[in-house]
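I am attaching a structure below and will ask some questions about it afterwards.
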Amino acid sequence: MPELPEVQSVVTGLNKILPNKTIKSVEVFWQKTIATPAVETFQKKLTGLKIKEVARRAKFIVMTFESGEILLTHLRMSGQFSWHQELPSENAKHLRVRFLFTDNSVLDFMDTRKFARMYLFQNLKEAEEKALYKLGAEPLEIKALEFREIFRAKKGNIKGNLLRQDLVSGVGNIYADESLFLAKIHPTSLTHKIPKAKFTELHQVLQGILRKAIKRNGTTVNTFLNINGEAGGFRDELQVYKQEKAACPNCGNLIQKIRLGSRGTHFCATCQKKYL
DNA sequence: AAAGTAGCCTGGAAGC
DNA sequence: TGCTTCCAGGCTACTT
């Protein structure tokens, strides 16, 4: 499941290849992948545009064109880009969108689960107003004090709040579970009952884990591959996520798995303190 | 207002 | 063995 580090890995790869390429045509194999505008408009508007750069905002891939248009892509569960020097002899499985460039290279977008979405906007202002405005601060940019203030008075459990993109953006299920384990906070802890110092700690371990995961090219749990077809190496570093029934690396007791807010949630009941 | 949940989807795992 | 059911989860929309 692509979260911030996985998206960053994809963006870094795309930004090495795509700038200065001009789109010759766009093929759409699954209409719903294009969230906005209408598919024909999407194809028509993109044709002839030259890519300026590829960046990331939260879990969105932000492609900027020379003329100012913005293409946002959200990978959701299984979205995947793959670039080819020339047209592949046969279509990849789950191919949803294909971008053909004037230099005859090809950018394919595959998405098994069909949850991924692309949004084309006229300019950054429109992208901000219609899509990005809901996003909270970047977890790697936010300061500890600010981080604590955002969460301090929030109701509900900390796990659910960590996943909220409008508070701090880019954290998903894997890094939520992992950072709570490292900060020794039980996922069902009530957010407003967690002491100030613990938030400082959570902020620190979250930044640490995200930086480390970016270095390791993200985490591959089921299907994630970057544009070079490489899996993420952070999987080997998971302490609790998908480790149910394994021994806690700290105390040796079994890692537990529960459902919290309809999400699989992994933790060590011994090491992680419950603030209620 | 905040919290819970259905729905979007497929494929692999688990259950029978 | 082969069928059916369950589960994974980011995000939106809807209900309570």
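In this text the structure is predicted, and so the values were computed from the model without any measurement.
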**Report entry** Contact under 4.0 Å: Lys134(A) side-chain N or O vs dC11(C) OP1/OP2
**Finding:** no
Requested in this report: Specify the separation, in whole Å, of atom CG of Leu132(A) and atom C1' of dC11(C).
Outcome: 15 Å
Query raised in the report: OP1 or OP2 of dG10(C) sitting under 4.0 Å from any side-chain N/O of His74(A)?
Result: no
Query - Distance test, side-chain N/O of Arg263(A) to OP1/OP2 of dG10(C), below 4.0 Å - result: yes
Query raised in the report: Looking at Lys93(A), does any N or O in its side chain come under 4.0 Å of the phosphate oxygens OP1/OP2 on dT10(B)?
Result: no
Query raised in the report: His266(A) has an atom NE2; how far is it from atom C1' of dA8(C), in whole Å?
Result: 10 Å
Report task. Evaluate whether the aromatic ring of Phe115(A) and the six-membered ring of the dC11(C) base sit under 5.5 Å apart, centre to centre, with an inclination under 30°. Result -> no
Report task. Please state how far atom CD in Gln243(A) lies from atom C1' in dA8(C), giving the value in whole angstrom units. Result -> 16 Å
Report summary line: Rounded to whole Å, NZ of Lys114(A) lies from P of dC9(B) at a distance of 7 Å
Query - Arg164(A) side chain near dA2(B) phosphate (N/O to OP1/OP2, under 4.0 Å) - result: no
Query raised in the report: For the pair made of CG in Asp111(A) and C1' in dT10(B), what is the distance, rounded to whole Å?
Result: 10 Å
Requested in this report: Look at all strands and tell whether Gly160(A) reaches a base, only sugar-phosphate, or nothing, counting heavy atoms closer than 4.0 Å.
Outcome: nothing
Requested in this report: Under 4.0 Å between any heavy atoms, over every strand shown, what does Gly156(A) touch: base, sugar-phosphate, or nothing? Just pick one.
Outcome: sugar-phosphate
Requested in this report: Kindly indicate whether a cation-pi arrangement holds for Lys130(A) with Tyr133(A), taking the cut-offs as under 6.0 Å to the six-membered ring centre and within 45° of the axis.
Outcome: no
Query raised in the report: Counting N and O atoms only, with roles assigned by atom type, does the side chain of Arg164(A) sit under 3.5 Å from a partner on the main chain of Leu167(A), one being a donor and the other an acceptor?
Result: no
Requested in this report: Output yes when at least one side-chain N/O atom of Gln165(A) is less than 4.0 Å from OP1 or OP2 of dG10(C), else no.
Outcome: no
**Report entry** Closest to side chain of Thr112(A), choosing from dT10(B), dG10(C), dA8(C)
**Finding:** dT10(B)
**Report entry** Side-chain N or O of His94(A) closer than 4.0 Å to phosphate OP1/OP2 of dC9(B)
**Finding:** no
Query - dA2(B) OP1/OP2 closer than 4.0 Å to side-chain N/O of Lys155(A) - result: no
**Report entry** Atom pair distance, as rounded to whole Å: CG in Leu190(A) and C1' in dA3(B)
**Finding:** 13 Å
Query raised in the report: Does any non-hydrogen side-chain atom of Leu49(A) lie less than 4.5 Å from one of Glu66(A)?
Result: no
Requested in this report: Rounded to the nearest angstrom, tell me the gap between atom CG in Leu238(A) and atom C1' in dA8(C).
Outcome: 15 Å
Report task. Ignoring hydrogens and angles, tell me if any N or O in the side chain of His203(A) forms a donor-acceptor pair with the backbone of Ile142(A) under 3.5 Å. Result -> yes
Report task. Let me know the distance between NZ of Lys159(A) and P of dA3(B), rounded to the nearest Å. Result -> 16 Å
Report task. List the steps and the verdict of ring-ring contact (aromatic ring centres under 6.0 Å, His included) for Phe267(A) and His186(A). Result -> CA-CA 7 Å; Phe267(A) 61 95; His186(A) 196 288; 4.4 Å; yes
Query raised in the report: Taking a hydrophobic cluster as the set of Ile, Leu, Val, Met, Phe, Trp and Tyr residues connected by side-chain heavy atoms closer than 4.5 Å, whether directly or through intermediates, do Leu132(A) and Phe65(A) fall within one such cluster?
Result: no
Query raised in the report: dA8(C) phosphate, OP1 or OP2: any side-chain N/O from Lys257(A) under 4.0 angstrom?
Result: yes
